[in-house]
Amino acid sequence: MFWYPDSKFAADQEACMTWNIVAGETRPGLLQPGVAMRIAPATADGKGVKAVTVTQNVYFAGIWMFNVHVWNSLDTAHPFTQIANFDLSPVVGSLIGSAAPMVPSPWHVCARVVDRTFTFMVWTGAHPKPAWNDPVHVRTTTLPPGWDFSGYAGGYIGHLHPGQVGAFSGVTTHVLP
């Protein structure tokens with residue numbers, strides 16, 4: 001997980017970025033891009049890290065699926081817990097069947113969190129940014145109790161092998177009123 005120097009420490013926040021490489025476009029392995037919200041120390045004395053993420057799924061190569069996780073690096077038994085999973089094949093395509101082939105990058109992703117409500121949107125290519133109430137591009141879930149703390153907004157990249165890079169652009173973060 002990472003955040004940018006201009007990201008503010010806040011509870012209610014939004015982050016947007018463009019994923020210029022998505023899973024399935026690179027080998028070896030599947031890169032896993034994501035947006036990270038509320039990145040913060042896990043304890044008052046600054047130990048560990050906790051955060052909320054939305055990431056492109058890589059499990060069983062179901063890369064049109066998006067997962068929402070809560071993370072706590074101090075929980076050695078369960079450092080991350082999936083709380084929601086969403087099928088966005090109407091937006092990004094699918095590897096199953098030929099009716100909706102995978103849409104190549106760039107993919108654009110915005111996430112926002114207000115109290116315990118986590119919402120994200122995905123759109124591709126040169127298409128315009130959808131409205132936050134768009135039923136095709138936007139998904140919402142409720143975070144578990146205790147996940148309404150302040151932190152930084154930023155990004156996530158997983159399954160990075162030596163020599164591989166993740167390419168993000170157009171990164172913006174801001175505090176929501």
Side-chain angles (χ1 to χ4, degrees), residues 1-23 31-44 46-59 63-75 78-88 91-92 105-124 129-135 137-160 166-177:
M1 286 179 232
F2 57 91
W3 65 91
Y4 293 88
D6 64 343
S7 183
K8 305 288 188 251
F9 199 80
D12 297 343
Q13 55 191 212
E14 182 177 306
C16 295
M17 63 184 61
T18 297
W19 299 347
N20 295 306
I21 299 174
V22 296
L31 294 179
Q32 185 180 35
V35 176
M37 308 297 285
R38 294 185 174 160
I39 307 167
T43 63
K47 293 182 180 169
V49 175
K50 59 185 178 177
V52 179
T53 61
V54 59
T55 60
Q56 182 186 16
N57 181 69
V58 295
Y59 193 63
I63 58 180
W64 55 93
M65 301 297 290
F66 285 73
N67 302 317
V68 177
H69 288 88
V70 292
W71 298 72
N72 183 339
S73 68
L74 296 182
D75 184 348
H78 301 96
F80 57 93
T81 302
Q82 182 174 313
I83 60 167
N85 176 269
F86 298 98
D87 180 347
L88 281 158
V91 177
V92 300
S105 60
W107 291 4
H108 314 283
V109 181
C110 288
R112 63 171 35 173
V113 61
V114 175
D115 299 321
R116 289 182 38 223
T117 302
F118 184 87
T119 306
F120 73 97
M121 68 170 66
V122 179
W123 72 103
T124 61
K129 180 179 177 181
W132 280 103
N133 62 354
D134 182 305
H137 297 86
V138 177
R139 302 293 186 273
T140 298
T141 192
T142 301
L143 299 175
W147 286 91
D148 53 349
F149 53 86
S150 293
Y152 294 105
Y156 169 90
I157 185 79
H159 303 276
L160 211 57
F168 299 94
S169 64
V171 178
T172 61
T173 63
H174 65 274
V175 175
L176 295 173

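The basis for the numbers below is simple: all heavy atoms, side chains too, and nothing from hydrogens, waters or symmetry mates.
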**Message:** For Trp147, give me all partners under side chain to side chain donor-acceptor pair (under 3.5 Å), at least two apart in sequence or on another chain.
**Reply:**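 Testing Trp147 for side chain to side chain donor-acceptor pair (under 3.5 Å), a comparison that skips the adjacent residues, returns none.
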**Asked** How would you list, by chain and number, every residue that makes a side chain to side chain donor-acceptor pair (under 3.5 Å) with Thr119, sequence neighbours excluded?
**Response**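 Once residues adjacent in sequence are excluded, the partners of Thr119 under the side chain to side chain donor-acceptor pair (under 3.5 Å) criterion are Thr140.
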**Asked** If you look at every heavy atom in Ala36 and Gly155, which pair is closest and at what distance?
**Response**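 Minimum heavy-atom separation between Ala36 and Gly155: CB-O, 3.6 Å.
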Residues in side chain to side chain contact (heavy atoms under 4.5 Å, CB included) contact with [X], at least two apart in sequence or another chain:
X      : result
Met65  : Asn57, Asn85, Asp87
Asp134 : Pro130, Val136, His137, Val138
Asp75  : Asn72, Ala77, His78
Ala51  : Met1, Ile39

**Message:** Any side-chain to backbone donor/acceptor pair from Gln56 onto Pro33? Under 3.5 Å, distance only.
**Reply:**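 Flag not set: sc Gln56 to bb Pro33 has no pair under 3.5 Å.
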**Asked** Side chain of Ser7, backbone of Ala153: donor and acceptor closer than 3.5 Å?
**Response**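 Here the side-chain-to-backbone pair exists.
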**Request:** Mind checking salt bridge (charged side-chain N to carboxylate O under 4.0 Å, His left out) for Arg112 and listing every partner two or more places apart, or none if nothing turns up?
**Result:** Glu14
**Message:** Show every salt bridge (Lys or Arg N to Asp or Glu O under 4.0 Å) that has at least one partner inside residues 33-44, sequence neighbours left out.
**Reply:** Asp12-Arg38
Identify each donor-acceptor pair in which a side-chain atom of residues 168-177 lies under 3.5 Å from a protein atom, sequence neighbours left out, and give them as a table.
residue : atom : partner : partner atom : Å
Ser169  : OG   : Asn20   : ND2          : 3.0

Test of understanding: with ring pair (Phe, Tyr, Trp, His ring centres under 6.0 Å), list the residues that count as partners of [X], not counting sequence neighbours.
X      : result
Tyr4   : Phe2
Tyr152 : Trp3, Phe9
His108 : Trp123

